[in-house]
Amino acid sequence: MLAPNQETPPDVDVLIVGAGISGIGMAAHMGMKAPHHSYAIVERRENLGGTWDLFRYPGIRSDSDMHTLGFDFEPWKHEKSIADAPAILDYLNTIVDERGIRQHIRFGLKVVSADFREDEARWHVEMEREDGSRTHMTANWLYLGAGYYDYDDPYDAGFDFADYEGEVIHPQFWPEDLDYAGKKVLVVGSGATAVTIVPSMADTAAKVTMLQRTPTWMFARPAKDRIANLLRKVLPEEVAYKITRFKNIRMQDLSFKTARDKPEKVSESLHKRIEKALGEDYDPKDFSPPYNPWEQRVCLVPDDDLFKAMKAGKAEIVTGHIERFEAKGARLTDGTLIEADIIITATGLRLAVAGKIAVSLNGEPVRFNERFYYKGCMFSNLPNLAVVFGYLNASWTLRADINSDYICRVLNLQRQKGAEVVTPVLTEEAEAAIEEDDVFDFSSGYIQRSKHIMPRNAVRYPWRLNQDYLADRKQLKESPIEDGLLTFTRAGSNARTSEEQLEAAE
């Protein structure tokens, strides 16, 4: 991939940012499908795992099954399909060690800026060490696998704790030495984090109260997939995994589409499951959101753990609005005081685009909210950059897998053509004709708060980030890479079609 005006090649062909699921997945795919390309992974933390290493709150686990949150190339071998963070980290570490990926990871490096210089056909990437010193790398491609939320600055709901005498904790910054034995804990929030924390703390705490302003749809299911474990006993591991993965992908897709087409039927089914678990303790108002299922992500309750804690009197759900925080706890607008020794603000995350990296093109800052997604993994008129933003209605890794596979095929075609710059070209005329769509058809607060920073989205493919894995997989696998929009050029070429650009460069 040596540019004609360069005496030396870039440090690596592909620089992968982030050693979590997305980054490790890309490295593994490159090892299998683009082995002649060099790569490095840079990770700001001292450990791999991303989300699963960062969050340390009690009970942290997957909120989707590991047969779809796992990779398409690596079977999930644990008995539980709803896995805790240590099991997920074990899975990722096994992949990294068995596939020779660890030697490519450089820890303790935070990517600060990245500038693509078209005349050199390479990214110039500035990184910061923990001590504040800087280092520099060059790469032909930049693959962003840093996730979707702000690692430094979670969402602040604006609570005033000046009068509160207890301890306040945000789940993103969980203290290692927190002692909550015998204490009253108040968890503010009703999303996946709160639904995980409450039953996990309930055995040790005196009582855990989940205070929600708005209820969330909850779905109870076993942590173990009985069919998956049966198949593993009678079939080879890989075959059992593929069958279970196929089953669960189809079930996820069917569940989501049924919720959109027949919300009343799905609402009734979810309520019946909760009522069966809680019995006479079931209060419909605490489990009846003012929106339909899957207009926001549905919270998983594995093995009825939250409901069991509630039946045992160790946990409760309160629906209400906070008026203020007092010395001993939270005063609600109806006058109720919820006493708490510890308050946990599980009020949501803050989204970030491109890992908050200052991305530029030929020295000019890139504003992602002015560019369109291309096939859910690149951006209009931005060369040699790919990204993973996983599904909201299915497992994150499903997108990570198909994006990695697609970019590997793009890399191979680029090498075959002798090109150095790959760009999804959107002309001004074509952009003017695009019918735009919401990038996310979800009403979740963290989504709505961040729409202004999100890239643009078209109604029709390919200038679109879909929320339909099966459709995306078919498109990325079957549609030609050379679609008249994705151009393959040599350094410094400005022609508008791939054939014109390559001919002009010869």
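All values reported here derive from a predicted model rather than from experimental measurement.
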Side chains of Gln252 and Lys257: does their closest heavy-atom pair fall under 4.5 Å? no

Would you please indicate yes or no on a ring centroid separation below 6.0 angstrom for Trp463 and Tyr373? no

Would you please indicate if the ring centroids of Tyr241 and Trp76 are separated by under 6.0 Å? no

Can you establish whether the number of heavy atoms outside Glu130 located under 6.0 Å from its atom CD is more than 12? no

side-chain hydrogen bond (donor to acceptor under 3.5 Å, both in side chains) with Asn362: of Arg117, Glu118, Glu120, only one passes, and it is Glu118

Distance alone, cut at 3.5 Å: any donor-acceptor contact between the side chains of Asn140 and Asp13? no

Test Leu48 against Glu43 for side chain to side chain contact (heavy atoms under 4.5 Å, CB included), laying out the working first. CA-CA 7 Å; Leu48 61 81; Glu43 167 58 50; 5.8 Å; no

For Arg45 and Asn47, which I'm curious about, is there any donor-acceptor pair between the side chains at under 3.5 Å? no

Under 3.5 Å, is there a donor-acceptor pair between the side chain of Asp405 and the main chain of Lys33? no

Using 30° and 60° as the class boundaries, would you call the ring planes of His124 and His136 parallel, tilted or perpendicular? tilted

Return yes if a side-chain donor-acceptor contact under 3.5 Å exists between Arg221 and Ser81, otherwise no. yes

Between Glu295 and Trp217: side-chain donor-acceptor atoms closer than 3.5 Å: no

Could you check if a side-chain atom of Val359 sits within less than 4.5 angstrom of a side-chain atom of Phe116, using non-hydrogen atoms only? no

Glu436 versus Val459: any side-chain heavy-atom pair under 4.5 Å? no

Validation row: Asn381, Pro424 side chains within 4.5 angstrom (heavy atoms): no

Show the numbers, then the answer: is there a ring pair (Phe, Tyr, Trp, His ring centres under 6.0 Å) between Phe379 and Phe372? CA-CA 6 Å; Phe379 300 102; Phe372 281 89; over 10 Å; no

Say whether, by atom type as modelled, one donor and one acceptor occur between the side chain of Thr68 and the main chain of Asp65 under 3.5 angstrom. yes

Is it true that Arg260 and Asn292 share a donor-acceptor pair across their side chains at a distance under 3.5 Å? no

Using a 4.5 Å cut-off on heavy atoms from C-beta on, say whether the side chain of Tyr143 contacts that of Val388. yes

My understanding is that only one of Val111, Val17, Leu109, Asp152 makes a side chain to side chain contact (heavy atoms under 4.5 Å, CB included) with Arg44; could you say which? Asp152

Do you see a donor-acceptor pair shorter than 3.5 Å between the side chains of Asp115 and Ser360? yes

Are Ser133 and Glu128 linked by a side-chain donor-acceptor pair shorter than 3.5 Å? no

Just by distance, no angles: are the side chains of Gln467 and Asp472 close enough, under 3.5 Å, to form a donor-acceptor pair? no

Could you tell me if Thr196 and Arg61 have a donor-acceptor pair between their side chains, going purely by distance under 3.5 Å? yes

Any side-chain donor paired with an acceptor under 3.5 Å for Ser404 and Asp401? no

Short question: side chain of Ser62, backbone of Ala83 - any donor-acceptor pair under 3.5 Å? yes

Centroid-centroid distance, Phe73 to His29, less than 6.0 Å: yes

For atom CE of Met32, is the number of surrounding heavy atoms from other residues, nucleotides or ligands below 6.0 Å larger than 12? yes

